[in-house]
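In this text, all values refer to a predicted model and were calculated from it rather than measured experimentally. Convention: sequence-line order gives letters A, B, ...; per-chain numbering from 1.
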Amino acid sequence: MRCLYVYWDVRLLTASYSREEDGVVVELYGKTREGKSIVVRYKGFKPYFYLVEPPSTILEKFSQDPEIYKMEEVELWHKGKVRKCVKVTLHSPWKTPRYRREALEFCDVLAADIPFHQRFIYDFDLGSCVRVYGKEEEKGKYTTELVVNAEKFENIGDFKPPLKILSFDIENSMKNGRIFTIGIAIWENGEIRKESIEGDEKDILWKFLEMIWKEDPDIITGYNIDGYDLELLSERYKKYGMDFLIGRDKSKPQRIVGQFWRLHGRVIEDAWWAVKKELRLKQETLQAVAMHLFGEGKLDVDRTNIDEEWEKDKEKVIEYCKKDAELALRILLQIGIINKYLDLATVTKFPLEDVIHSGTSTWVDSLLIREADRHNIGVPLQGQERKSRKIEGGYVHTIEPGLYHWVCVLDFKSMYPSIIIKYNICFTTLSKDGDIVSPTGVRFLSKEKREGLIPKLLAELMKKRDELKRKMKEDPDNRDYYNGLQKAVKILMNTFYGVLASSFYRFTNPDIGASITAFARDTIKRIIAELESEGIKVVYGDTDSVFFQSPYEDLENTIEFGMRKAEEISRREKLILEFEKILEPFFSHGAKKRYVGRIIWPDEEKGNMVVRGYEIRRTDSFDLQSEAQRAVFEKILDGDIQGAIELAREIVSKVRAGKVPIESLVISRTVKDFKFYKNPDSMPNVQAARKLIKMGQEFIPGMKVAWIVVNARGSKQDVEPYIPGMEFNRKPDYRYYARRVAETLARITDVFGVDEENLLTGSRQISLGAFGKEKKKKTLFDFE
DNA sequence: TGCCCTCGGGG
DNA sequence: GTGTACGAGGGCA
């Protein structure tokens with residue numbers, strides 16, 4: 001046994017608590033600087049909350065209740081003034097909701113909805129990396145290398161210990177669910193190693209548990225494990241009367257409504273969700289994402305016929321399964337989400353898991369609750385209202401559509417955070433006596449009278465970000481490290497605005513959010529008006545950016561002009577406006593947020609295209625749409641507008657004439673068990689599945705079905721299943737498809753005055769003179 | 001315009 | 001476990 005005063009430096013990964021015979025123990029799981037897994041235990045912390053000016057009835061009731069450990073009088077600022085409150089401390093965190101509900105019948109209640117482990121973190125003011133002083137204990141139920149009973153904590157600078165990531169994938173029978181194999185890929189010390197588990201299903205399940213205990217991964221991943229593999233595993237363990245004990249304290253993963261799992265000691269991060277959050281892709285299948293990132297796809301196994309494939313060639317399926325686990329792991333690593341969240345954990349002072357699996361409002365809580373506690377400011381409960389009154393957003397400037405040259409783009413640096421700081425906007429400064437009046441008539445106290453908590457925190461973050469950016473330049477060896485952190489600070493600053501604006505966040509109300517956007521709209525409109533009064537053509541503006549035409553038609557003078565304007569306006573507005581880029585040319589549209597441009601400055605981005613607002617992600621899309629859109633875009637970006645319009649017409653008329661490959665019209669979607677649909681008859685996917693069954697084809701709920709629309713007129717669509725390799729002998733509703741394609745392409749061509757109807761009716765006699773006739777080039781759409 | 005329903009990924 | 005996903009699109013009132 002070690003002596004006292006030993007310490008460990010720990011990066012926190014998860015936090016939770018459990019009940020033991022002699023009380024509740026908070027468990028902080030993490031990794032030491034040396035890379036050892038550790039659980040840090042702390043006993044004796046108790047849950048509490050506050051009653052505001054409570055009537056004696058509730059106090060008497062509570063004072064006789066043995067569940068209540070103690071009650072103390074305190075003073076807290078709440079709803080504009082300091083009030084007498086009572087701090088109620090309980091024995092058991094899981095009983096808090098009951099006492100909160102009871103108390104709410106009598107008075108306002110504060111800080112009664114903070115998860116217990118987070119309450120602990122706030123009260124000990126822990127960061128994401130801590131030095132733990134304590135004593136090492138026997139391992140007991142834990143799978144970690146170290147078990148420590150903590151005596152005290154100290155905050156230390158952040159570090160990134162090596163993390164171990166285990167990715168897995170299951171192949172199972174579509175008919176009866178039986179697991180054939182589990183493929184595993186493990187990331188450790190910069191290398192990936194692959195394993196697989198086969199055999200009798202019960203053996204597989206047991207070996208999987210042993211594998212997790214032995215490998216002791218920090219992060220568990222896989223592709224759509226939240227929605228599929230974890231659920232399936234839970235069921236299969238249950239079927240054999242086994243427990244799915246993969247936690248670091250040998251507990252089960254717990255499903256928190258829908259697809260979202262929590263586990264003591266390990267972070268479950270689904271690679272698919274990571275992809276959704278980080279990349280905005282039209283297709284998010286493992287195949288598509290792997291191709292997109294690595295130019296490398298899955299192995300060749302027909303998973304719609306997995307039972308047959310398994311019978312035919314088990315080795316092949318095992319390889320396929322291992323490959324999927326590996327791809328999911330590489331995707332997770334490639335998109336850098338773990339690093340990003342480690343940086344966010346550092347700036348939000350949270351364990352990794354809390355950053356990943358809690359809403360962004362909780363990130364803000366992490367800083368704001370601590371700050372409120374330090375100032376004896378009451379922490380209100382999160383609003384009960386589900387719906388948020390929508391506040392008015394940013395200002396979007398519009399002018400006539402057209403082609404512009406030498407367009408300077410200026411952007412505000414952290415506009416909303418800057419505005420919050422500049423006007424001292426906070427729930428603590430909201431006051432009828434305020435000297436600062438927002439455009440919506442809401443008043444805030446000036447900084448001299450009372451500095452707001454939120455502006456104070458944001459100013460600190462702003463300063464921290466500037467420091468990090470400075471270090472990035474001064475210390476090129478650690479550039480990536482500082483860059484990651486400064487980006488995380490930026491995300492957190494914007495999150496502050498996000499929670500203030502979007503809903504009933506515990507510390508705010510819509511008046512505050514609306515004031516922020518109103519100040520912002522006033523600012524940008526004022527800037528546009530000033531530029532116009534100087535005779536500068538403002539082309540576009542959106543929320544925190546302004547696009548205007550340079551009076552010069554060369555790069556050097558335009559750069560100089562943009563720089564000068566950015567400086568002038570920044571000085572005048574006392575906000576920082578940055579000269580972001582020059583677009584040459586630039587196509588502006590009408591009211592909607594759509595434009596295209598080619599960057600010619602700064603040099604690093606030279607030649608890149610900026611395309612905004614044209615993509616639509618319909619769930620019933622078919623290949624021809626995206627192919628057509630891409631082809632038309634290529635024309636436009638070459639400057640061949642006339643050619644683009646002609647191509648769009650040509651495609652639409654080809655579709656209407658039925659001169660397109662049938663496969664390009666296939667729409668596909670999954671179909672659940674019919675009983676899950678409120679209105680199954682109205683759904684084309686259900687209709688297709690029913691017809692499949694009638695045709696004697698196999699249909700299993702959850703399967704993806706493909707179909708072609710054969711008649712879209714009438715009250716509901718008639719669709720016909722499409723089976724690859726089988727001849728399709730119905731006639732597609734080409735009018736319907738032509739309309740859909742025209743709708744897609746019109747999003748582009750209506751910028752040039754060619755709308756959906758126009759594309760459809762296909763009158764070819766538009767004036768060719770305007771843009772000059774170009775020679776027809778070979779395109780993707782030379783169907784003949 | 002706002003609300004409700006559905007989907008996506010996986011086998 | 002002091003909790004209860006997520007964002008986007010379509011249909012409909």
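Under the ring-ring contact (aromatic ring centres under 6.0 Å, His included) criterion, A:F116 pairs with A:Y17, A:F45, not counting sequence neighbours. In this structure A:T362 satisfies the side chain to side chain donor-acceptor pair (under 3.5 Å) test with no other residue, sequence neighbours excluded. By the side chain to side chain donor-acceptor pair (under 3.5 Å) test, A:K43 is found to be paired with A:E20, A:D22, residues two or more places apart in sequence or in another chain being considered. Evaluation of the side chain to side chain donor-acceptor pair (under 3.5 Å) rule for A:Y240 yields A:E201 as partners, not counting sequence neighbours.
As a whole-Å value, the separation of A:H264 NE2 from C:dG1 C1' is 8 Å. Distance, A:R19 CZ to C:dG1 P: 14 Å, rounded to whole Å. Regarding A:Q625, its CD atom lies at a distance of 13 Å from the P atom of C:dG9, rounded to whole Å. Separating the CZ atom of A:F49 from the P atom of C:dG3 is a distance of 12 Å, rounded to the nearest angstrom. Between the CD1 atom of A:I179 and the P atom of B:dG10 there is a distance of 18 Å, given to the nearest Å. Between the CD1 atom of A:I369 and the C1' atom of C:dT2 there is a distance of 11 Å, rounded to whole Å. Rounded to whole Å, the distance from CH2 on A:W272 to C1' on C:dA5 is 11 Å. Remark: C1' of B:dG10 and CD1 of A:I170 are 10 Å apart, rounded to the nearest angstrom.
Across B:dG9 and C:dA5, the matching C1' atoms stand 15 Å from one another, rounded to whole Å. Using atom P as the reference point in both C:dC6 and C:dG1, the two lie 15 Å apart (nearest Å).
Between C:dT4 and A:R262, no contact under 4.0 Å exists linking OP1 or OP2 to a side-chain N or O. Phosphate contact (OP1/OP2 of B:dG10, side-chain N/O of A:T285, threshold under 4.0 Å): absent. Residue A:K298 has a polar side-chain atom (N or O) positioned under 4.0 Å from OP1 or OP2 of B:dG11. For B:dG11, the OP1/OP2 oxygens have no side-chain nitrogen or oxygen of A:Y223 closer than 4.0 Å.
Within the 4.5 Å cutoff, the side chain of A:W310 has heavy atoms near those of the A:F180 side chain.
In this structure, A:N172 reaches the sugar-phosphate backbone alone: every heavy-atom distance under 4.0 Å involves primed, P, OP1 or OP2 atoms, never a base. Residue A:D169 is classed as a sugar-phosphate contact, given heavy-atom separations below 4.0 Å to backbone atoms only. At the heavy-atom level, A:I114 lies under 4.0 Å from base atoms of the strands shown. Among the atoms of the strands shown, only primed sugar atoms or phosphate atoms (P, OP1, OP2) are found under 4.0 Å from some heavy atom of A:L286. Among the heavy atoms of the strands, none lies under 4.0 Å from A:S358. Within the 4.0 angstrom heavy-atom criterion, no nucleotide atom of any strand lies near A:L90. Within 4.0 Å of A:D324, counting heavy atoms only, lie sugar-phosphate atoms of the nucleic acid but no base atom.
A heavy atom closer than 4.0 Å to some atom of DNA chain C occurs in A:P93, A:W94, A:T96, A:P97, A:R100, these being the qualifying members of residues 91-103 of chain A.
Side chain of A:D249 to backbone of A:Y142: no donor-acceptor contact under 3.5 angstrom is found. A:D270 contributes a side-chain N or O that, together with a main-chain N or O of A:I225, makes up a donor-acceptor pair within less than 3.5 Å.
Taking the charged nitrogens against the carboxylate oxygens, A:K314 and A:E198 have no contact shorter than 4.0 Å, which rules out a salt bridge. Ion pairing between A:E235 and A:K238 fails under the 4.0 Å rule for side-chain N and carboxylate O. Salt-bridge formation is detected for the pair A:R506/A:D113: a Lys NZ or Arg NE/NH1/NH2 atom is positioned less than 4.0 Å from an Asp or Glu carboxylate oxygen.
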Close N or O pairs between protein and nucleotides 4-6 of chain B (under 3.5 Å):
{"residue": "B:dC5", "atom": "OP1", "partner": "A:K678", "partner atom": "NZ", "Å": "2.9"}
{"residue": "B:dT6", "atom": "OP1", "partner": "A:K678", "partner atom": "N", "Å": "3.3"}

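Residue A:Q254 places its side chain closer to C:dG1 than to any other of C:dG1, B:dG9, B:dG11. Relative to the side chain of A:R119, the nucleotides C:dG7, B:dG11, C:dT2 differ in distance, and C:dT2 lies closest.
Judged by distance alone with a 3.5 Å cut-off, a donor-acceptor contact links the side chain of A:N224 to the base of B:dG10.
Using cut-offs of 30° and 60° for the angle between ring planes, the A:F208 and A:F168 rings count as tilted.
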